[in-house]
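So that the names make sense, note that chain A is the first sequence line, chain B the second, and so on, each numbered from 1. Worth saying up front: this structure is predicted, and the values here are computed from it rather than measured.
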Protein chains: 2
Amino acid sequence: MEQVNYHHGDLRNSLVSVGINMLNDRGVAGISLREIARNIGVGHNAPYRHFRNKQQLLEAIAEDGFRRLKARNMRLELEFSGDPEGQLFESTMHVVGMAAEQPNLFQLMFGGHIQLEERGAGLKLASDEAMQSLVSIICNGQQKKIFIQDDPLVLALSTMSMIQGIALMASSGKLKAQFQVHMTPSVEHQTLLRSMILQLFDVFLRGLKGQS
Amino acid sequence: MEQVNYHHGDLRNSLVSVGINMLNDRGVAGISLREIARNIGVGHNAPYRHFRNKQQLLEAIAEDGFRRLKARNMRLELEFSGDPEGQLFESTMHVVGMAAEQPNLFQLMFGGHIQLEERGAGLKLASDEAMQSLVSIICNGQQKKIFIQDDPLVLALSTMSMIQGIALMASSGKLKAQFQVHMTPSVEHQTLLRSMILQLFDVFLRGLKGQS
DNA sequence: AAACCATGTGGACACTGTCCACATGGTTCA
DNA sequence: TGAACCATGTGGACAGTGTCCACATGGTTT
């Protein structure tokens with residue numbers, strides 16, 4: 001039955017989903033509530049039954065991104081359990097990969113469009129949890145004598161800075177530009193990215209491990 | 001003479017200057033061409049004699065930021081001439097300070113709002129020069145046997161990643177939040193920031209110097 | 001069957017960026 | 001000197017936006 005009901009039934013999810021697509025190929029500034037509604041085939045006011053604001057839709061899209069990020073990170077932590085260095089590298093790899101493939105989403109999530117403080121439940125929590133998980137990875141590495149014995153919070157913060165820095169450069173295309181990589185579809189994208197990140201992250205890791 | 005001339009005389013600069021103020025206290029999304037014009041006391045179409053687009057005004061504002069950044073960096077390089085580690089740290093300190101004090105400007109400059117590739121002269125050049133200057137600092141440090149002997153371009157890229165990472169976290173307020181610093185005006189702001197960055201940057205620097 | 005209420009609708013408003021034709025007045029040339 | 005020129009200003013118009021309002025619809029609860 002192709003019949004369009006008066007009540008859509010799953011509008012909230014549709015709004016977020018169409019919003020993500022629009023974000024990906026037109027950037028955060030190119031998102032229009034009315035166009036999303038038009039795209040779904042619903043009145044220009046319907047979104048307001050599910051979000052108080054355009055801002056709230058953006059936050060929902062970002063929250064979706066944070067949720068996926070966190071889920072994947074938890075899987076990686078399990079997969080590389082007992083190998084803090086691997087956990088760190090794979091997490092970095094994943095964030096940077098996301099930043100490279102969905103730069104606009106990365107921009108929305110980490111570019112200051114979202115005010116973490118003023119959000120009730122989801123966002124601030126997700127952000128804090130990411131930090132907490134980094135701290136625990138690092139404490140683990142310290143117990144194993146793999147990492148230096150500085151304040152774990154400081155180490156976690158600088159690790160996160162390194163990750164975000166590489167991701168930021170990936171999202172703005174600077175990595176590709178500097179390495180002069182011609183990203184032909186035939187070349188294995190992921191492999192190239194991996195070796196680039198390996199090189200960049202290596203310097204930092206050397207310091208974190210306290211060895212030459 | 002308070003008389004308002006038909007021809008303003010210095011409109012282009014006024015537009016950029018008022019634009020910077022509006023950017024600083026309302027964010028990049030809060031900038032309105034018409035309001036800037038209204039603010040200056042000029043018709044809503046006058047800006048179009050100096051910029052083809054709103055986008056071009058934003059780029060001019062960003063370019064102004066890049067120019068100031070570069071000028072200050074050149075001064076720092078001279079001041080700490082012969083001390084690559086100092087050059088690196090002071091440059092970082094300056095970028096992060098800017099990101100902390102003018103987060104919206106940082107967001108405009110590095111947040112993907114500006115397409116470097118499609119700009120004729122100013123922007124891409126400024127960006128490349130910043131990279132080039134980093135490379136030369138690092139080569140200098142390598143000759144002095146202070147830094148490890150890896151590929152200078154890779155080292156420069158990862159250094160820039162570290163800098164941008166710390167700056168990104170500073171601009172989104174994460175540093176303040178994590179350190180739970182209550183930024184009372186009486187406390188010396190710059191000193192606190194300095195010690196935070198010192199701690200964060202230290203890990204990376206340890207790796208760059210290849211020593212525990 | 002009646003009342004309720006979450007979810008949909010269209011109309012209206014102020015605001016935006018951008019295009020158009022026209023006004024102004026300093027500069028340049030016959 | 002006077003006339004033509006042109007960079008720089010003006011207001012009007014248009015489509016598009018986010019958001020508020022009153023109203024419609026129809027499944028759920030009494």
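- Judged purely by atom type and a 3.5 angstrom limit, A/S14 uses its side chain to pair as donor or acceptor with the backbone of A/D10.
- Side chain of A/V42, nearest nucleotide from D/dG9, C/dT9, C/dG17: C/dT9.
- Per the geometry, OH belonging to A/Y48 stands 11 Å off P belonging to D/dT17, to the nearest Å.
- Remark: B/F106 pairs with B/F110 by the ring pair (Phe, Tyr, Trp, His ring centres under 6.0 Å) rule, at least two apart or across chains.
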Which atom pairs, one a donor and one an acceptor, fall under 3.5 Å between side chains of residues 42-51 of chain A and the rest of the protein, sequence neighbours left out?
none

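- Note: CD (A/E35) to P (D/dA15) measures 17 Å, nearest angstrom.
- At a cut-off of 3.5 angstrom, the base of D/dT8 holds no donor-acceptor pair with the side chain of B/R12.
- In terms of polar N and O atoms assigned as donor or acceptor, the side chain of B/N45 comes within less than 3.5 Å of the base of D/dG12 in a complementary pairing.
- Heavy-atom nearest nucleotides on DNA chain C were determined for B/R49 and for B/K54, and the one closer to the 5' end corresponds to B/K54.
- In this structure, A/Q107 contributes its side chain and B/G111 its backbone to a donor-acceptor pair below 3.5 Å.
- One atom, CG of B/L11, and another, C1' of D/dT10, lie 13 Å apart when rounded to the nearest Å.
- Atom CG of A/N53 and atom C1' of D/dC20 are 12 Å apart (whole Å).
- Within 3.5 Å, no donor on the side chain of A/R34 pairs with an acceptor on the base of D/dG16, nor the reverse.
- A residue-by-residue look at A/S32 and A/R52 shows that A/S32 has its nearest nucleotide of DNA chain D further toward the 5' end.
- In this entry the distance linking CD1 of A/I36 with P of D/dT19 reads 12 Å, nearest Å.
- Across the strands present, D/dC23 finds its partner in C/dG8; the criterion is a Watson-Crick or G-U wobble pair with both atom distances under 3.5 angstrom.
- Residue B/H44 has no polar side-chain atom (N or O) positioned under 4.0 Å from OP1 or OP2 of C/dC15.
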